[in-house]
Asker: 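Sharing a structure here in structure tokens format.
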Amino acid sequence: TVFILDANDNGPQFTKAEYVVGVVETERLNAQLIQVSATDKDEGGNADVSYKITGGSKFDVFDLDRSGRLFLRRDLSFITRTGQDTVTLHIEATDGVHVASARISIVIFPNNQTNPSFTYRVYTVNISEAAPKGFLLTTVRALSPKPSGAALGY
């Protein structure tokens, strides 16, 4: 009998280079803010991926567990008092050998804000004059401080 084992020759790949999430500054502690995900084309234990924050979390406010869930660990007013309304975390996914990197941008809304806001203030798009009719120029995204089930219209 011959058994062929999978070599750990593939690294994890995040489903997005940047994840964006909005949160109200009065969000409850231990709330899950987002779930990040990376896949690995290997098999068995070589495809097991774990996650960690590698930078940007200078306030020690967030925790990314090994399964990719981001939790709030401290009161966000600590950050907003410094005048910040966005925090960017640098994260990694690893299969024990290979590493992939991504970012999580957390937009913090004041407690009294009820209007949604766009994730970027300016969207710049370059397009060829030969682009076909119906060509997708860009995608804009807005975040709402209302409960996560609230729909946004554009």
Asker: State, to 0.1 Å, how close N46 and A7 come at their nearest heavy-atom pair, and which atoms those are.
Answerer: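 For N46 and A7, the tightest heavy-atom pair comes out as ND2-C, 3.7 Å.
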Asker: Between T88 and R103, which heavy-atom pair has the shortest distance, and what is it?
Answerer: CG2-CD, 4.0 Å
Asker: I'd like to know if V36 and F71 are part of one continuous hydrophobic network [Ile/Leu/Val/Met/Phe/Trp/Tyr, side-chain heavy atoms within less than 4.5 Å].
Answerer: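 No; V36 is not reachable from F71 via cluster members.
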Asker: Once side chain to side chain contact (heavy atoms under 4.5 Å, CB included) is applied, do any residues pair with A17, and if so which ones, sequence neighbours excluded?
Answerer: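 By the side chain to side chain contact (heavy atoms under 4.5 Å, CB included) rule, A17 matches no residue at all.
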Asker: Applying side-chain hydrogen bond (donor to acceptor under 3.5 Å, both in side chains) as the test, list every pair that has at least one member in residues 9-20; sequence neighbours left out.
Answerer: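 Output for this query lists N10-D42, T15-Y19, E18-S105, E18-Y120.
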Asker: Under 3.5 Å, is there a donor-acceptor pair between the side chain of Y51 and the main chain of L70?
Answerer: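 No, the answer is negative, given that no donor and acceptor are paired below the 3.5 Å cut-off.
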Asker: Within the side chain of S101, is there an N or O that forms a donor-acceptor pair under 3.5 Å with the backbone of E92?
Answerer: no
Asker: Who passes salt bridge (charged side-chain N to carboxylate O under 4.0 Å, His left out) against D65, sequence neighbours left out?
Answerer: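 Only R69 meet the salt bridge (charged side-chain N to carboxylate O under 4.0 Å, His left out) criterion with D65.
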Asker: With a 4.5 Å limit on heavy-atom distance, are the side chains of L64 and L89 in contact?
Answerer: no
Asker: Applying side chain to side chain contact (heavy atoms under 4.5 Å, CB included), can you list everything that pairs with L136, at least two apart in sequence or on another chain?
Answerer: T139
Asker: In chain order, what residues pass the side-chain hydrogen bond (donor to acceptor under 3.5 Å, both in side chains) check against T26, with sequence neighbours excluded?
Answerer: N111
Asker: Search all heavy atoms of I34 against all heavy atoms of V20 and return the closest pair with its distance.
Answerer: CD1-O, 4.2 Å
Asker: D75: which residues meet the salt bridge (charged side-chain N to carboxylate O under 4.0 Å, His left out) condition with it, sequence neighbours left out?
Answerer: none
Asker: Compare every heavy atom of D60 with every heavy atom of R74, then report the nearest pair and how far apart it is.
Answerer: CD-O, 3.6 Å
Asker: Compare all side-chain heavy atoms of V61 with those of L72 and state whether any distance is below 4.5 angstrom.
Answerer: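 Yes, at least one pair of side-chain atoms sits under 4.5 Å.
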Asker: Taking only residues two or more places apart in sequence or in another chain, which ones pass side chain to side chain contact (heavy atoms under 4.5 Å, CB included) with V97?
Answerer: N8, D95
Asker: Which residues pass the side chain to side chain contact (heavy atoms under 4.5 Å, CB included) test with A100, not counting sequence neighbours?
Answerer: P12, F14
Asker: Please evaluate residues D85 and V107 with respect to the criterion side-chain contact (heavy atoms from CB on, under 4.5 Å), reporting the C-alpha separation (whole Å), side-chain torsions for both, the decisive distance (0.1 Å), and the verdict.
Answerer: CA-CA 6 Å; D85 62 358; V107 180; 5.8 Å; no
Asker: If you round to the nearest 0.5 Å, how far is CG of N30 from CD of Q32?
Answerer: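 Here the interatomic distance stands at 11.5 Å.
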Asker: So which heavy atom on L76 is nearest to which on E25, and how close?
Answerer: CB-O, 3.5 Å
